Amino acid sequence: MTTILAIESSCDETSAAICIDGKILSNIIAEQKVHEQYGGVVPELASRAHMQNIVPVVDAALKSANIQLSTINAVAFTQSPGLIGSLLVGSQFAKSLALSLNKPLIAVHHMQAHVVANLIPSSTEGRNDPKPNFPFLCLTVSGGHTQIVFCESPTKMKVIGETIDDAAGEAFDKSAKLLGLPYPGGPLIDKYAQQGDASRFKFPEPKIEGLDFSFSGLKTSILYFLQNAGKSNLYKTGFMANEDEKNEFIKNNLADICASIQQRIVTILLNKLKKASIQTGITDICLAGGVSANSGLRKSFEEMGKKYHWNTFIPAFEYCTDNAAMIAITGYYKFLAGQFSDLSVTASARAAW
Ligand code: KG4
Ligand code: ZN
């Protein structure tokens with residue numbers, strides 16, 4: 001029996017999980033509400049909140065799984081990428097724990113873990129859900145990353161396409177900010193889009209080579225579109241709406257604007273995913289990361305899967321946004337592969353896989 005205790009602290013969620021033989025027994029997540037009033041994550045406040053949360057969160061994960069600390073076989077933690085102060089809290093805690101228990105330490109790459117979340121066992125109506133066969137492709141879409149990943153095994157994967165500027169989650173959040181919505185705006189755009197007409201406003205699709213993505217042009221076109229109260233989305237028209245006209249336009253058209261923005265982000269993502277499937281010949285395809293919670297993306301992904309005869313997979317909601325269960329399952333596979341780290345391992349804001 002292999003028991004892994006995992007810790008995730010890369011951004012603004014403090015999380016701990018217990019995994020036994022590849023099954024998740026607990027996954028405790030403490031969210032940090034303190035950032036809402038600032039319209040984005042404040043790194044220093046995030047580190048402080050992790051310091052306050054880490055002991056109670058690990059304790060809750062052990063209790064909820066009914067596990068004694070002495071019975072764990074290894075400690076896994078998020079090494080990279082993320083906010084360095086946040087990563088340091090989790091990594092120093094994990095290293096101290098491994099040292100004091102004399103157990104091996106497993107450093108996990110956060111983006112690899114988002115992908116491996118697709119292997120967490122799940123069931124529907126008492127039956128085990130199918131899981132992707134290797135090799136598979138994964139579209140990982142979060143607040144900091146947008147990647148198409150080619151996965152040969154849980155521990156061997158390669159990024160074959162990624163954003164050259166903003167991530168998909170940033171595109172949602174920055175669009176929401178332009179609309180005057182609070183942070184994080186992605187889920188709010190999703191909510192309003194459900195009542196809107198996505199064909200009402202057209203935003204441009206960037207022309208980027210290969211399997212890479214770009215979202216910064218979309219943000220600029222939304223900015224112009226709102227500045228001239230919907231008269232054009234491509235260029236500055238010379239007409240500049242005043243604050244009241246702009247706000248009135250947003251208020252009267254919010255659902256249609258959100259639906260149109262969401263549709264464009266989703267088509268940018270899925271057109272590249274389709275291209276990756278054609279290029280590689282792979283038809284087992286997964287979604288991962290916080291943006292895979294988006295209802296428009298999920299629906300269009302399933303529709304595209306039916307049309308092109310893909311086997312499609314999306315992790316359960318709690319394993320899409322940042323969580324320690326994904327670190328635990330990745331830690332489990334690294335344990336089986338003998339991929340341990342010594343105590344000299346350090347947190348890193350950006351590290352290659
Ligand atoms: O993976 P994640 O929890 O954290 C990072 O590692 O970044 O992703 C967070 C991102 C945020 O940008 C948030 O706005 C976005 O995921 N997000 C959504 C939805 N739920 C979360 N974006 C669009 N629609 C949603 N329903
Ligand atoms: Zn993440």
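Atoms within each ligand, like the ligands themselves, are counted from 1 in listed order. Values below: all heavy atoms of this structure, side chains included; hydrogens, waters and symmetry mates excluded. Quick caveat, the model's predicted, so the values are computed rather than measured.
- Contact annotation: C11 has no heavy atom less than 4.0 Å from any atom of ligand 1.
- The contact set between ligand 1 and G169, taken as ligand atoms under 4.0 Å from a residue heavy atom, comprises 12 (O).
- Seen from the Zn ion (ligand 2), atom NE2 of H110 and atom OD1 of D322 lie 90° apart in angle, a value rounded to 10°.
- Close approach of ligand 1 to V291 is summarised as follows: ligand atoms under 4.0 Å from at least one heavy atom of the residue are 15 (C), 16 (O).
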Expected list for residues 76-85: side-chain donor-acceptor pairs under 3.5 angstrom, two or more places apart:
unit_1, atom_1, unit_2, atom_2, d
T78, OG1, E8, OE1, 2.6
Q79, NE2, T346, O, 3.0
S80, OG, S348, O, 2.8
S80, OG, A351, N, 3.0

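- Listed by atom number, the atoms of ligand 1 under 4.0 Å from G144 heavy atoms are 7 (O).
- Residue-level proximity to ligand 1 for D173 is carried by the side chain, the only part with a heavy atom below 4.0 angstrom.
- With sequence neighbours excluded, no residue satisfies salt bridge (charged side-chain N to carboxylate O under 4.0 Å, His left out) with K103.
- Contact between H114 and ligand 1 is present, with at least one heavy atom of the residue lying under 4.0 Å from the ligand.
- When only non-hydrogen protein atoms are considered, atom 24 (N) of ligand 1 lies nearest to N294 ND2, 2.9 Å.
- Listed by atom number, the atoms of ligand 1 under 4.0 Å from D190 heavy atoms are 24 (N), 25 (C), 26 (N).
- Ligand 1 places these atoms under 4.0 Å from at least one heavy atom of G143: 5 (C), 7 (O), 8 (O), 9 (C), 10 (C), 12 (O).
- A heavy-atom separation below 4.0 Å is found between H110 and ligand 1.
- Checked against a 6.0 Å centroid threshold, the rings of F335 and F340 count as neighbours.
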